[in-house]
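Predicted, not measured: the structure shown is a model, and the values here were computed from it. Numbers here are sequence positions counted from 1.
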Amino acid sequence: MSVVPAEHSEDNPAGLAPDHRDFVTALATGLQVIRAFDSDHPRMTLSEVATRTGMNRAKARRFLLTLHGLGYVRRQDRYFELAPKTLQLGYAFLSANSYQPVIRQHLERITELTGESSSMGVLQGSDVIYVARSAAPHRLMTIALSIGTQLPAAVTSMGRMLLAMLDPAELDAILADLKLETYTPRTVTDIDELRAHLDKARKQGFCVVDQELESGLRSLAVPVHNMHGALLGAINISTNAARVDRKTLNQRFLPLLQDTCKQIASQVS
């Protein structure tokens, strides 16, 4: 389980390292405990939380009881689970980013025109986090995607597009610690090959990932900026490979995504 990186600043644009004097380890650990709960682990015992976070039982117990006292965790017998109050953490992000309604409107329009799901994601370390989504009626993945879903950036179109947009030093730091897992026979598991895909995405301004995360899942992503040129994230269209071929992806869906990005850039300051 990775620790949530500290906030970037002008004095430290790469983010605080855990050994920095200003790094608050207790805060990072508390967030790590919250993030240990997910769709596969909605309720856990103290021992399970300790195992998931790599802590000893005594340390995990202190953090769980503190979160319980603050109202972020509920307890029932031996089990702990997240309380509804944790939604306030995500709502703080959504309410602080006033462009969210604009993004959602454009994603819904993409779904209306294509019949396919469309999402926006931002980079969090080596993962991509979904921050806006318009879902098509048909389901594409075995897991249910929603706002807050976190997936490995290396095997998603939005993630690769965002990795490709990083400064070389930032990208090198992420790839140095990246462990590439095999999800399908098509998954890229060689770092040099991944770098080649990132270079291609950077040069062409879009990224296609074809059945590397799940068989049958094909997606296309482009970067999206505000009117000042600041990167907001990436938006994508996710499709079923048996229903939408690469030609349709490139000739019909790509221009739609690119036009959508231009409209968003003209509306978001």
Side-chain angles (χ1 to χ4, degrees), residues 39 103-104 106-124 126-165 178 180-224 232-262 264:
S39 59
I103 299 293
R104 286 197 300 272
H106 283 289
L107 297 183
E108 288 168 1
R109 177 175 176 272
I110 289 173
T111 299
E112 181 181 352
L113 292 175
T114 66
E116 305 294 341
S117 296
S118 182
S119 306
M120 176 177 172
V122 297
L123 197 63
Q124 173 83 31
S126 60
D127 293 330
V128 63
I129 297 180
Y130 285 66
V131 296
R133 179 164 170 78
S134 173
H138 42 266
R139 185 167 175 174
L140 291 170
M141 296 184 62
T142 55
I143 65 170
L145 296 178
S146 60
I147 294 176
T149 295
Q150 188 167 323
L151 295 175
V155 290
T156 63
S157 60
M158 290 192 297
R160 279 193 190 167
M161 191 69 254
L162 293 171
L163 287 173
M165 302 293 288
L178 190 61
L180 296 175
E181 298 183 27
T182 301
Y183 295 92
T184 76
R186 293 173 175 259
T187 304
V188 172
T189 57
D190 179 78
I191 288 292
D192 290 336
E193 186 178 354
L194 176 61
R195 279 187 180 275
H197 283 286
L198 297 181
D199 289 341
K200 181 179 180 180
R202 186 183 308 109
K203 292 174 182 176
Q204 65 188 13
F206 66 90
C207 180
V208 175
V209 172
D210 197 351
Q211 305 181 76
E212 293 191 40
L213 180 60
E214 282 199 9
S215 295
L217 177 65
R218 177 178 288 156
S219 64
L220 163 72
V222 297
V224 58
L232 297 176
I235 60 173
N236 81 344
I237 296 177
S238 298
T239 70
N240 184 290
R243 186 174 61 250
V244 178
D245 58 25
R246 292 288 293 264
K247 182 178 180 180
T248 300
L249 210 64
N250 291 326
Q251 295 185 0
R252 181 184 169 206
F253 290 0
L254 178 58
L256 175 60
L257 277 182
Q258 292 171 328
D259 180 65
T260 299
C261 287
K262 290 179 182 178
I264 292 172

- Task: Could you walk me through whether L232 and M120 pass the side-chain contact (heavy atoms from CB on, under 4.5 Å) test, one step at a time?
- Result: CA-CA 9 Å; L232 297 176; M120 176 177 172; 3.8 Å; yes

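- Nearest heavy-atom pair, R252 versus P255, reported as atom, atom and distance to 0.1 Å: O-CD, 3.4 Å.
- In this structure, the side chain of S118 does not engage the main chain of T111 through any donor-acceptor pair within 3.5 Å.
- The shortest distance between side-chain heavy atoms of S215 and Y183 does not fall below 4.5 Å.
- Across all their heavy atoms, R218 and V244 have their closest contact at NH1-O, 2.6 Å.
- Considering only heavy atoms from C-beta on, T187 stays 4.5 Å or farther from E181 through its side chain.
- By the 4.5 Å heavy-atom criterion applied to side chains, V222 and I235 are counted as neighbours.
- Across M158 and N236, no two heavy atoms sit closer than the pair CG-CB, 3.5 Å.
- Side chain of E212 to main chain of T184: no donor-acceptor pair is present (N/O by atom type, distance under 3.5 Å, no hydrogens or angles).
- Between the side chain of Q150 and the main chain of I129, no donor-acceptor pair closer than 3.5 Å is present.
- For R243, the side-chain hydrogen bond (donor to acceptor under 3.5 Å, both in side chains) criterion is met by E116, H138, not counting sequence neighbours.
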- Query: Between L151 and L213, is a side-chain contact (heavy atoms from CB on, under 4.5 Å) present by the stated rule, with each step listed?
  - Reply: CA-CA 9 Å; L151 295 175; L213 180 60; 3.9 Å; yes

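- Residues Y130 and S146 come closest through the heavy atom pair CB-O, 3.5 Å.
- In this structure, the side chains of T248 and F253 come closer than 4.5 Å at one or more pairs of heavy atoms.
- For the atom pair CG of L220 and CD1 of I237, the computed distance is 6.0 Å after rounding to the nearest 0.5 Å.
- Looking at T260, its side chain does come within 3.5 Å of a backbone N or O of L256 through a donor-acceptor pair.
- For the 3.5 Å distance criterion, the side chains of S219 and S238 fail to qualify, holding no donor opposite an acceptor.
- Using a 4.0 Å cut-off between a side-chain N of Lys or Arg and a carboxylate O of Asp or Glu, E108 and R133 do not qualify as a salt bridge.
- Atom CD1 in I110 sits 9.5 Å away from atom CG in D259 (nearest 0.5 Å).
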Can I get a per-line list of side-chain donor-acceptor pairs under 3.5 Å for residues 189-196, giving both atom names and the distance, sequence neighbours left out?
unit_1, atom_1, unit_2, atom_2, d
D190, OD2, D192, N, 3.1
D190, OD2, E193, N, 2.9
R195, NH1, D172, OD1, 3.2
R195, NH2, D172, OD1, 2.8

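- Of the inter-residue distances, the one linking S117 atom OG with L145 atom CG reads 8.0 Å to the nearest 0.5 angstrom.
- Inter-residue side-chain proximity for V128 and V122 is flagged as unmet; no heavy-atom pair is nearer than 4.5 Å.
- Residues satisfying the side-chain hydrogen bond (donor to acceptor under 3.5 Å, both in side chains) test with D199, not counting sequence neighbours, are R202.
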- Item | Derivation of the side-chain contact (heavy atoms from CB on, under 4.5 Å) call for N250 and V208 | CA-CA 9 Å; N250 291 326; V208 175; 4.3 Å; yes

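- Looking at every heavy atom in both residues, P223 comes nearest to C261 through O-SG, 3.3 Å.
- Here the NE2 atom belonging to H106 is positioned 12.5 Å from the OG atom belonging to S134, to the nearest 0.5 angstrom.
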- Task: Please test N240 against L217 for side-chain contact (heavy atoms from CB on, under 4.5 Å), starting from the C-alpha separation and ending with a verdict.
- Result: CA-CA 5 Å; N240 184 290; L217 177 65; over 6 Å; no

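- Nearest heavy-atom pair across G216 and Q211 is N-OE1, 2.8 Å.
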